[in-house]
Structure formats: structure tokens, C-alpha cells
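This is a predicted model, so every value here is computed, not measured. Convention: sequence-line order gives letters A, B, ...; per-chain numbering from 1.
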Amino acid sequence: MDALPARLDVARIREDFPILSTQVRGKKLVFLDSGASAQKPRAVIEAMTRCMETAYANVHRGAYHLSEVATANFEAAREAAQRFLGAATPEEIVFTRNSTEAFNLVAHSFGRALLKRGQVVLVSEMEHHANLVPWQMLRDAGLGIGLRFIRVTDAGELDLDDYARHLAQGDVGLVSVTHMSNVLGTVTPAARIARMAHEAGARVMFDGSQAAVHRAVDVRAIDADFYAFTGHKLYGPTGIGVLYGKRELLDAMPPFQGGGDMIETVTLEHSTWAAPPARFEPGTPAIIEAAGLLAAIEYVNTIGMEAIEAHERALVEHASATLAQVPGLTLLGSAQDRGGVFAFSLDVAHPHDLSTFLDRRGICVRAGRHCAEPLHARFGLEGGTSRASFGLYTTAEEIDALAEALVAARKFFA
Amino acid sequence: MDALPARLDVARIREDFPILSTQVRGKKLVFLDSGASAQKPRAVIEAMTRCMETAYANVHRGAYHLSEVATANFEAAREAAQRFLGAATPEEIVFTRNSTEAFNLVAHSFGRALLKRGQVVLVSEMEHHANLVPWQMLRDAGLGIGLRFIRVTDAGELDLDDYARHLAQGDVGLVSVTHMSNVLGTVTPAARIARMAHEAGARVMFDGSQAAVHRAVDVRAIDADFYAFTGHKLYGPTGIGVLYGKRELLDAMPPFQGGGDMIETVTLEHSTWAAPPARFEPGTPAIIEAAGLLAAIEYVNTIGMEAIEAHERALVEHASATLAQVPGLTLLGSAQDRGGVFAFSLDVAHPHDLSTFLDRRGICVRAGRHCAEPLHARFGLEGGTSRASFGLYTTAEEIDALAEALVAARKFFA
Amino acid sequence: MTGQAAGFEELRDLYQEVILDHGRKPRNHFRMEVFDASARGDNPMCGDRVELFLALADGHISKASFIGRGCAISQASASLLTELVPGLTPDAARAMGARLREMAKTGARDDSTPALERLSALSGVHEFPSRVKCATLAWHALDAALDGSKEASSE
Amino acid sequence: MTGQAAGFEELRDLYQEVILDHGRKPRNHFRMEVFDASARGDNPMCGDRVELFLALADGHISKASFIGRGCAISQASASLLTELVPGLTPDAARAMGARLREMAKTGARDDSTPALERLSALSGVHEFPSRVKCATLAWHALDAALDGSKEASSE
Ligand SMILES: Cc1ncc(COP(=O)(O)O)c(C=O)c1O
Ligand SMILES: Cc1ncc(COP(=O)(O)O)c(C=O)c1O
């Protein structure tokens with residue numbers, strides 16, 4: 001573990017995650033699929049249990065103590081998310097189901113109401129389907145809104161010249177790009193992307209599903225108009241995601257879905273909308289999940305995002321060096337600024353076969369196109385890749401175990 | 001507890017719910033707000049914990065063992081929901097965030113794509129906002145789709161003559177009504193409603209948010225086209241709901257939201273949709289919540305929906321008799337077929353003040369309009385009502401405690 | 001009946017006699033025919049509503065009345081308002097509202113003037129987070145009326 | 001290296017020599033110029049694809065070929081298919097596909113005929129739920145081709 005900075009005591013951290021000490025078919029679990037979904041620390045599990053055992057009731061609705069406590073806890077999660085992202089007020093934090101819903105919400109509500117006929121949405125070639133398909137659906141809704149794509153360089157970085165060319169056309173209403181690719185690991189220059197967008201009169205949304213897990217994010221420093229992340233990748237529960245939106249934008253947006261708790265008054269004929277964030281949170285929200293998300297944010301805050309980032313940088317360096325030694329292995333992407341996600345091909349084995357092989361040694365990696373088919377097409381890898389992705393509990397030894405297993409797989413399949 | 005049938009051992013059942021033995025400001029908790037959200041049995045809490053501690057990974061995506069196990073568990077929850085509702089195949093079960101989302105999904109997807117200009121959606125005056133606002137939004141989308149309302153009688157029942165008159169106009173494309181009112185307790189004659197709708201060439205959707213908790217539901221016996229319920233009212237977690245849709249309808253419907261896992265192929269320019277239910281479940285689903293929902297369904301199945309219903313009928317009888325003795329109390333609704341939900345007014349106290357008063361005795365009831373403003377307006381109760389609602393753990397003693405406290409409140413406020 | 005008595009005592013912090021009295025018999029409870037400023041306050045959660053009317057003269061509030069519906073707290077607060085703000089400048093009336101909001105949040109009474117002493121009867125809500133909005137609703141409407149806007153929401 | 005050896009052994013149930021061999025050197029791997037039936041099978045999850053071509057004569061399948069991409073299992077299964085179905089009637093070919101699907105689900109070999117014995121090499125997938133679709137993909141395409149539809153999905 002020499003490559004890791006002393007201040008992150010990974011061995012101790014691993015003890016916080018019950019699943020990491022389980023075995024897979026008699027093998028030690030080596031979980032290298034945190035980019036798809038991270039494991040949960042005891043603090044998160046216990047917070048959800050505590051919510052259900054001691055402080056559960058529907059929120060925003062009851063005048064009794066238990067409901068008041070539940071509501072206060074729920075809103076505390078919103079404030080934690082606000083501080084985590086550096087947002088100005090808790091009203092700028094909308095709870096969604098996951099990142100995917102955040103994009104759909106913005107596409108429906110901002111896209112249909114505030115983009116104008118003839119304007120286009122600009123995404124990149126390296127987007128996750130969550131930040132692509134909702135815009136395709138918006139384009140196809142017959143509102144005259146277009147969709148264009150920023151090129152990705154061979155190194156797997158956003159082509160900023162191409163980006164500038166698109167903006168220069170003067171028709172871009174919204175730029176929506178990833179803050180960190182879930183395939184290439186590329187971290188994009190968010191502040192610069194936002195500045196360029198704003199100079200061209202466009203709004204900008206970031207997909208922070210990966211970035212928010214690996215780096216400290218400050219939406220005001222970036223000057224993001226919208227920013228999304230998803231709880232389950234941040235060591236929190238499924239069923240909850242976060243959409244940050246600037247207050248004046250959320251205020252101007254109509255609701256996405258209708259129902260209880262998002263209205264001010266309702267008659268049979270008409271309803272008026274509540275102020276954000278309630279306007280965007282119809283029905284019973286993710287009460288138990290909010291308790292889990294709050295605990296997850298507190299958990300990473302206690303460890304410290306800087307320490308997490310430093311640990312990850314060390315892992316990235318170690319993995320780059322170690323995987324480079326595996327014969328027949330090709331890494332996808334070589335961005336300057338990258339996080340702990342490595343997609344690769346092995347010459348003699350299909351990613352799916354490789355997954356099965358590795359799984360027998362307890363090593364979990366993903367195989368496929370990682371919800372980024374266009375990016376795989378861009379690199380001529382329609383058949384997919386294997387992907388190893390790290391969490392704050394990942395060790396250099398686990399990367400070594402992967403590298404060794406890859407060498408063995410080569411013998412097996414060759 | 002003499003009013004309760006012997007076969008439901010409520011004292012033992014109460015031990016399954018950790019929160020029921022907690023205290024509120026030194027008073028025994030008397031939770032009479034299960035209609036807003038129910039408490040969770042240990043089995044549900046433990047299933048969620050087990051999921052996170054032993055079998056957690058993203059689903060549908062990994063070729064490794066842990067992900068296979070997680071996927072199998074997730075799909076087992078779908079099969080449990082299928083059997084719970086009597087659906088023909090698991091593909092007819094779509095997981096949503098809650099009931100509210102189920103209505104928004106059908107309004108967007110079925111409503112925009114399969115209803116025709118000039119057709120109307122028919123709801124009733126007693127709908128929860130979840131089954132009203134999405135249809136108002138559809139009506140206001142400029143597609144020429146109308147919205148009309150079935151009257152509710154003074155007894156709080158669906159006015160079937162008025163319903164027939166609406167259908168006779170020949171323009172109804174979809175009927176969407178509650179299977180049990182969350183204010184009046186009224187259980188509606190679902191099979192008859194469906195038959196009448198079908199004879200008039202309309203499709204029919206039921207809001208089973210309350211009904212599915214209190215009665216055995218069989219969507220095929222009813223011949224429902226769509227049926228929705230929500231996990232957190234069925235003793236399960238927040239963050240998961242269920243939409244049943246007939247296979248041929250789901251097959252014909254376009255997606256509501258876009259993202260990962262709901263597509264077949266994606267290029268930058270176009271995507272093709274996966275088959276239902278995946279088509280309607282973009283992004284990482286409620287994996288942990290599905291584990292909880294599965295446990296909740298197993299829990300009520302073990303007790304038996306018949307026993308639950310019998311227990312509730314006894315409670316309803318007891319409550320009707322007991323509350324009738326409270327001076328100055330007016331019950332809202334007097335339907336023949338009703339479930340364990342009682343909304344009422346007390347002459348000398350506003351519902352909000354009453355809530356506060358009762359809370360000091362540990363008694364939790366809701367105050368307000370219970371997300372059914374139009375219904376309150378219909379009965380001239382714009383200021384709202386108090387509502388006591390029961391769960392399978394509710395006892396006759398708790399109802400007695402409520403009645404006693406109401407008498408005391410009258411002294412206090414008069 | 002000790003339990004009941006105890007419940008009653010605790011609740012007397014919130015429902016002081018002056019609150020119950022104003023709640024039962026709100027003062028100045030009518031729609032003003034001629035007024036200089038007016039605004040409505042709505043609490044969508046519980047359906048409470050206060051519509052406030054103000055007459056102004058020589059830079060002071062000369063008369064206040066309200067109509068509305070809602071819980072004892074919201075109606076008593078509005079009723080007290082109509083008794084306390086006549087004679088005050090708009091700024092002084094706003095300042096009084098700010099004091100009320102603080103009391104409602106912290107529970108600290110302010111007995112420095114007879115008017116604030118009477119208003120301190122509402123400080124008991126601070127123990128009941130979901131009721132704070134009831135106490136402040138009329139005062140939000142006051143700010144809105146003085147600002148010239150038509151609606152206020154306590155949310 | 002015992003751990004590794006053990007891993008290898010277990011995996012040999014799935015990756016039997018015949019599978020690896022057909023996976024590496026698929027037979028009849030070409031696009032037929034003239035054919036009587038054809039269909040494509042896609043597994044959207046992993047991107048596996050098989051495009052199958054059949055020539056028919058006298059009510060029997062006379063020739064089969066495929067192109068595609070994917071894992072060893074899916075390609076080996078398609079390759080075996082092209083060797084095993086020529087000479088069979090469409091119904092017999094379908095029945096063979098049904099047998100394969102059952103083996104893949106239950107893991108039970110069927111050595112009752114030499115053809116099924118060879119196919120039994122694929123029975124090892126039953127231990128790997130996410131791989132079952134790889135083994136059956138080509139056989140879904142076979143059904144689709146014989147049904148006259150153009151696409152099959154293993155989902
Ligand atoms: C009859 C009825 N329909 C719909 C809902 C909405 O449920 P949810 O908030 O879980 O979406 C509720 C509960 O709030 C309800 O009682
Ligand atoms: C970059 C990126 N964006 C979006 C998503 C979608 O997240 P979710 O499935 O939680 O909506 C993911 C993860 O799957 C991701 O990695």
C-alpha cells in the first residue's frame with residue numbers, strides 16, 4: 001500500500017463496509033465496480049434502520065411530533081447536499097430518483113418551457129445514456145429543438161476547439177456534459193466549459209454522477225446552472241439523486257410531474273404550483289433514502305474529499321503503471337486529468353468472458369458498453385470493454401490482484 | 001380487543017414493528033396515520049440491511065456473481081408484486097418511485113401517445129392529487145385531450161349514474177379512479193367500474209394506493225388496464241411504487257423517461273427502446289427498496305390479506321360506533337363499503353389545533369386536506385379535516401384512546 | 001387524570017388564554033370596504049388563510065382588519081395584529097412582525113413594551129415546528145400588503 | 001498457484017475445449033450470398049450479435065452460416081449451430097434449440113444423440129445466469145429466421 005497517502009487508513013475504512021469482508025464462492029471479494037454502484041458503509045445502513053425504527057412518518061404533512069422529526073431529518077439531508085455541492089440555499093436542491101431522472105426533469109421542464117424553437121442542446125460523444133437519451137426525446141418532441149455533439153479527442157478528452165465552434169454558431173441554448181466520464185475516467189474542465197457556455201449565452205448542466213464521488217465539487221465556483229449526482233454511487237442508497245439548479249432557473253421552470261406536495265392550491269379545474277424545490281418533488285419522497293444519503297455525505301465529509309481525491313490519484317497512478325504491464329491489454333483513454341475508472345480490452349478475451357473468468361477469483365469488473373454506446377462506437381469498440389472502477393475502499397493490492405488475474409486469463413483464453 | 005377476530009394476533013404483530021414500542025414525549029405512541037405512510041416491520045428493515053451487507057451491486061449490468069444475485073433478488077421482487085396483484089406476467093409490473101409517478105407515467109406515455117384529440121380522461125371528485133394533477137397537466141399540454149369529473153354522492157360514494165352519463169357521451173378514452181379513498185375510506189366497485197368503462201370503449205386505471213393495503217387485489221378479476229400502488233403504505237420502504245399495465249398496452253406505449261437500461265441500441269442520433277418493463281425503468285432502479293418491498297409483500301402474505309381485511313372490518317365497525325359517541329364530532333363519508341380511514345371535524349377545534357392536542361398524548365393523526373382539496377371543497381370543508389387511519393397493527397384500544405382524547409380536547413378548546 | 005392534566009398544562013404554553021380567546025372571538029374580523037393596502041396569506045399545507053386590510057393616514061397605519069379561516073393560532077395571531085399595528089408606521093409594524101418571527105423561532109418572550117408582551121403569548125409555538133407558520137402567517141401578509149403585493153405564502 | 005488451478009478447473013465446465021475452439025475459430029463464419037432465411041440476434045446488454053443465414057432445400061435446412069461478434073460462448077454456440085442444423089427439418093432444428101435452452105437452464109447434459117452430445121458442451125452456462133443468454137442467442141435467431149421475422153432478441 002506504499003503508493004497510498006498515509007492519511008487515508010484504507011484498512012480501517014474497509015471495516016466500515018460489511019460487504020467487503022464477505023466472500024464470493026470462497027474467494028475474497030475484490031469489488032472493482034464502484035463506478036456502477038458503490039458499496040454502503042455501516043453508517044448509511046444504520047441511518048436507514050434508525051429512520052425506520054425511531055423516526056418514521058410521512059414528511060411535510062403531519063402536525064405531530066413524529067412527522068415533524070421526520071421532516072426535519074429529511075430537510076437536514078437537503079442541507080447536507082446543499083453544502084456538499086456548495087449551493088447557495090437548500091431550495092436549490094431537488095431530490096430526484098437518480099441522476100437519470102435529473103436529466104429527464106431538466107429536459108422536460110427547462111427544455112420544453114425555456115428553450116426556444118431553433119435552439120440546440122449540446123452534449124458530448126462521451127455521455128452516459130442518461131445525458132443523451134432525454135435530449136434525443138426532447139429533440140423528437142416536435143418543438144424544433146436540436147441536438148449536437150462535441151467531439152472527443154483520441155486521448156478521450158473533450159475537444160474544446162470543437163466545443164468553441166459549436167458555441168460560435170450562436171444557437172446553443174444548453175450545454176450538458178459530463179464532469180467525469182464513466183468509461184474514460186476523464187475529468188472535464190467544468191469551470192472553463194461553463195464560462196465558454198455563458199459567454200455564448202447558453203446555460204450549462206453537468207453530469208456529476210462520477211465526479212461528485214471522487215472530487216470536491218463547488219457548483220458556484222464552477223458557475224454551473226444545473227448539476228446532477230446520484231446517491232448510490234456516493235456510498236448512499238438507491239432511490240435518491242440530487243439535482244442542483246440555480247434558484248432563478250428553478251423558479252422559472254414549470255413542474256415536471258404532478259401530484260401531492262408540489263402544489264399550492266388545487267381545484268378540480270386548476271392547480272397552482274408550489275415554490276421550488278417542492279414543485280419538483282410530487283408525492284411521498286424518498287424519506288428513508290434521504291436519511292441514508294445524509295449519512296453518506298457525512299461519511300465522506302468525515303474522511304474528507306481531499307483525502308479521498310488524493311487516495312484516488314495514487315490508485316490511478318498505480319493502476320496506470322500496473323495495467324500497462326499486462327501483455328495484450330489496451331487502455332481506453334489517456335486524459336491528463338482522470339479519475340479512478342479504467343476501461344480496457346484484452347486481445348484474446350471478450351469482455352464478457354473475462355468478467356466470468358475474473359468473477360471466479362472474486363474480482364468484480366463490469367463488461368459491456370457501460371451505458372455509453374456512442375463512445376464505444378467512437379473508438380470502434382462496439383463489442384464493449386471491461387471496466388474496473390475504484391471507490392474510497394479500493395486498495396493497490398486489489399489492483400495488483402486484477403493485473404495478475406488478467407495475465408492468467410490471457411493464458412486461459414489464448 | 002374483543003371486537004377483533006381471533007386469527008389476527010395483533011399483540012404479536014405489534015412486536016414486529018420496532019417503532020410501535022417507542023414513546024413520544026413520554027407517552028405511548030398511538031400511530032393513527034398509516035394512511036399517509038405505514039410503519040415498517042423488522043422483516044423489511046432486515047431485508048434492506050441484508051441487501052446492503054451481503055448482496056449489493058448494480059443490477060442488469062454485471063456478469064459477475066454479486067450482480068447476478070442482486071439482479072435475481074430484484075426480479076424476485078417484481079414477481080412478488082406480480083403475484084400480489086394477480087398479474088399474468090412479471091413483465092406487466094413496472095417499478096416506479098411511488099404511486100404519483102405511476103400516474104405521471106401513464107399520463108405522459110399512454111396519455112400523449114394513445115389518447116386521441118377530442119378524447120377525455122374521466123376522474124372522480126374524490127381523487128388524491130396524484131390522480132388529478134397529472135391529468136390536468138395532460139389536458140393543458142395542447143393535445144386536445146379533455147378532463148371531466150365523476151360526482152361523489154353525499155354519502156361519499158362514486159355516483160354511478162353520473163359515471164354512466166359521462167361514458168354515454170362516447171368521448172371517454174381513459175377512466176382513472178381510486179379503488180379506495182384516502183379521505184372517505186370508500187371502497188369503489190372496481191370490477192363494475194372497469195366493465196362499464198370497457199363497454200364504452202374506454203381504458204381504466206385504478207389508484208390502489210390505499211386499497212392494496214387493505215384488501216386482496218386481483219387485477220385480472222377486476223380487469224384493470226392499469227393499477228398503481230405505493231410501497232411505503234404497504235409497510236415497505238419509500239422510493240418504490242408499482243404500476244401494473246396490461247402487456248399489450250405497455251408494449252404499445254413509448255417511454256416516459258430516457259436513460260440507461262431502457263434502450264435496446266443507442267447511437268448519438270437515435271435510440272430504440274427495450275421491451276417493457278425495462279422501457280419504463282431508466283437508470284439505476286430502487287435496488288435496496290425492491291428488497292424491502294419483497295419483504296413487505298411476504299410479510300402481509302404470511303399474515304394473509306383475508307385476515308388483514310377481517311381485522312380492518314372489525315376496526316372500522318368499532319371506530320364507527322366509538323366515534324359516533326364523541327359529542328360535536330362529524331364524520332366525513334358514510335359509504336357502505338369502506339376501509340379504515342376516518343376523516344372528521346370537531347365543532348370547537350380546528351384540525352390543526354386538534355392534531356397538536358392529540359400529539360401531546362402520543363396520538364398521531366393527520367390534519368389538513370390530505371392531498372384531496374377538491375373533495376374537501378365538495379363537502380364545504382376548505383379548512384380541512386382530521387384523519388385517523390389504521391394499519392394491520394392498529395388496536396381497538398388505540399381507537400378508544402383517540403375517542404377519549406377527542407372528548408378531552410372538546411373541554412380544552414370549548 | 002394526572003396524565004390528562006399534564007397534557008393540558010404543557011399545552012397551556014401554546015394555547016394561553018389570550019390565544020384561545022382571540023381564536024374564539026377574533027377582533028376586527030371583517031372585510032374593510034375602503035382600504036389602502038391588502039394582501040392574502042395562505043398556508044397551503046393546512047389550508048389556513050388570512051386576508052388582511054389596512055387603512056393608512058399620515059404615514060401611519062390607522063386601522064387594520066382581517067378575514068380568514070384556520071386554526072386558533074393563525075386566527076389569534078391575525079386578531080392580535082389588527083389590535084397592535086394601528087398607530088404604527090409601516091416600518092415599525094414590520095419590525096414588530098420581525099420580533100414575532102423571532103419569538104416564534106426561539107421561544108424567547110419580549111416584555112419590553114406592553115404590545116410585545118401581548119405578542120409574546122405566541123412564543124409558545126416554538127416548541128411545535130409545524131405550527132410556527134400558523135403564528136407568522138398574518139405577519140407575512142402584513143409585509144406583503146405594505147410591499148404592495150397581493151399574496152403572501154408562509155412557505 | 002493452487003488457487004489459480006482451482007479457478008481454471010471450475011471454469012473448464014463452462015469453457016470446455018470445444019467451446020474455446022469454436023470461439024476462437026468459428027465455423028461457417030461468412031455472410032451467405034443467396035439464402036432462404038435470415039435473422040439477427042442482439043443482446044443489448046453486452047453487445048453480442050449474431051446474424052444467421054439459412055439455405056433450405058426439400059423442406060430441410062441445407063446450409064447455415066453466420067456472422068457476428070461477441071463472447072466465446074455466443075460465437076461458439078452459433079458456430080455449433082451452423083454445423084448441427086444442416087440436414088434437419090425446421091421443426092427438428094427448433095426442437096434442438098429448445099433442448100439447448102433447457103440444458104442452459106438446468107445444466108443437465110443430453111448425450112442421447114451425437115449432435116446433442118456436442119451441444120451439451122454448452123450446458124455449463126447454467127451456473128452463470130448472466131451468460132445463459134449468450135448460449136441461446138443464435139438459437140433465438142434461428143427461430144426468428146424460420147418464423148420469417150428479421151430480428152430476435154435474447155431478452
Ligand atoms: C389514494 C392515494 N393516492 C395516491 C397517493 C400518493 O402516494 P405516493 O405519495 O406514495 O405517490 C396516496 C398517498 O399519499 C393516496 O392515499
Ligand atoms: C456518468 C454517469 N451518468 C449518469 C449515470 C446514471 O446514474 P443513475 O443510474 O443513478 O441514474 C451514471 C451511472 O450509471 C454515470 O456513470
Derivation and outcome, side chain to side chain contact (heavy atoms under 4.5 Å, CB included), residues A:Leu66 and B:Leu29: CA-CA 9 Å; A:Leu66 202 56; B:Leu29 177 68; 4.1 Å; yes
Using 0.5 Å steps for rounding, measure from the [atom1] atom of [X] to the [atom2] atom of [Y].
X        : Y        : atom1 : atom2 : answer
A:Thr49  : B:Met48  : OG1   : CE    : 8.0 Å
A:Phe256 : B:Glu101 : CZ    : CD    : 7.5 Å
A:Cys371 : B:Asp261 : SG    : CG    : 5.0 Å
A:Arg360 : B:His65  : CZ    : NE2   : 8.5 Å
A:Arg50  : B:Ile45  : CZ    : CD1   : 12.5 Å
A:Asn58  : B:Ser34  : CG    : OG    : 11.0 Å

Candidate pair B:Tyr64 and A:Val365, rule side chain to side chain contact (heavy atoms under 4.5 Å, CB included), full reasoning: CA-CA 7 Å; B:Tyr64 53 87; A:Val365 302; over 6 Å; no
Does any heavy atom of chain B fall under 4.5 Å from the side chain of [X], the backbone, both, or neither of them?
X        : value
A:Met137 : side chain
A:Ser209 : neither
A:Ser99  : neither

Toward chain A, the part of [X] with a non-hydrogen atom under 4.5 Å:
X        : value
B:Thr265 : both
B:Val24  : side chain
B:Ala55  : backbone
B:His370 : neither
B:Ile288 : both
B:Ala38  : backbone
B:Pro285 : backbone
B:Ala377 : neither
B:Arg112 : side chain
B:Phe31  : side chain
B:Ser386 : neither

Partner set under salt bridge (charged side-chain N to carboxylate O under 4.0 Å, His left out) for B:Arg151, not counting sequence neighbours: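 Applying salt bridge (charged side-chain N to carboxylate O under 4.0 Å, His left out) to B:Arg151 gives none.
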Donor + acceptor pair across side chains of B:Thr267, A:Glu373 (<3.5 Å):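 No pair is found: no donor N or O on one side chain lies under 3.5 Å from an acceptor on the other.
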Residue selection (most heavy-atom pairs with chain A, distance under 4.5 Å) from B:Ala107, B:Gly258, B:Pro254: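 Maximum pair count with chain A is reached by B:Gly258.
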Options B:His352, B:Arg42, B:His270, ranked by heavy-atom pairs under 4.5 Å with chain A, top entry: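 If we count pairs closer than 4.5 Å to chain A, B:His270 comes out on top.
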Electrostatic pair A:Lys40-B:Glu53, nearest N-O below 4.0 angstrom: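 Looking at A:Lys40 and B:Glu53, the cut-off is not met.
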Salt bridge flag under 4.0 Å for residues B:Glu269 and A:Arg139: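 A:Arg139 and B:Glu269: salt-bridged.
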Atom of B:Thr284, atom of A:Asn98 and distance for their closest heavy-atom approach: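 Scanning both residues, the minimum pair turns out to be O-ND2, 3.0 Å.
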For chain B, find which of [options] contributes the most heavy-atom pairs closer than 4.5 angstrom.
options                      : value
A:Ala36, A:Pro351, A:Ala286  : A:Ala36
A:Ser271, A:Ala130, A:Pro255 : A:Ser271
A:Ser355, A:Ala367, A:Pro134 : A:Pro134
A:Ile287, A:Thr356, A:Leu358 : A:Ile287
A:Gln136, A:Arg97, A:Met52   : A:Gln136

Please tell me if the side chains of [X] and [Y] come closer than 4.5 Å, counting only heavy atoms from C-beta onward.
X        : Y        : answer
A:Glu289 : B:Glu289 : yes
A:Val266 : B:Pro374 : yes
A:Val133 : B:Pro282 : no

N/O donor-acceptor pair under 3.5 Å between B:Asp33 side chain and A:Ala57 backbone: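 Here the side-chain-to-backbone pair does not exist.
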Donor-acceptor pair, side chain of A:Gln257 and main chain of B:Thr100, under 3.5 angstrom: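 Absent.
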Criterion side chain to side chain contact (heavy atoms under 4.5 Å, CB included) on B:Ile263 and A:His129, from CA distance to verdict: CA-CA 9 Å; B:Ile263 46 80; A:His129 296 164; 3.9 Å; yes
Full working for side chain to side chain contact (heavy atoms under 4.5 Å, CB included) between A:Glu125 and B:Leu268: CA-CA 7 Å; A:Glu125 288 178 340; B:Leu268 284 176; 3.9 Å; yes
Ring-ring centroid check A:Tyr56 B:Tyr235, cutoff 6.0 Å: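 Between B:Tyr235 and A:Tyr56, which both carry aromatic rings, the centre distance is not below 6.0 Å.
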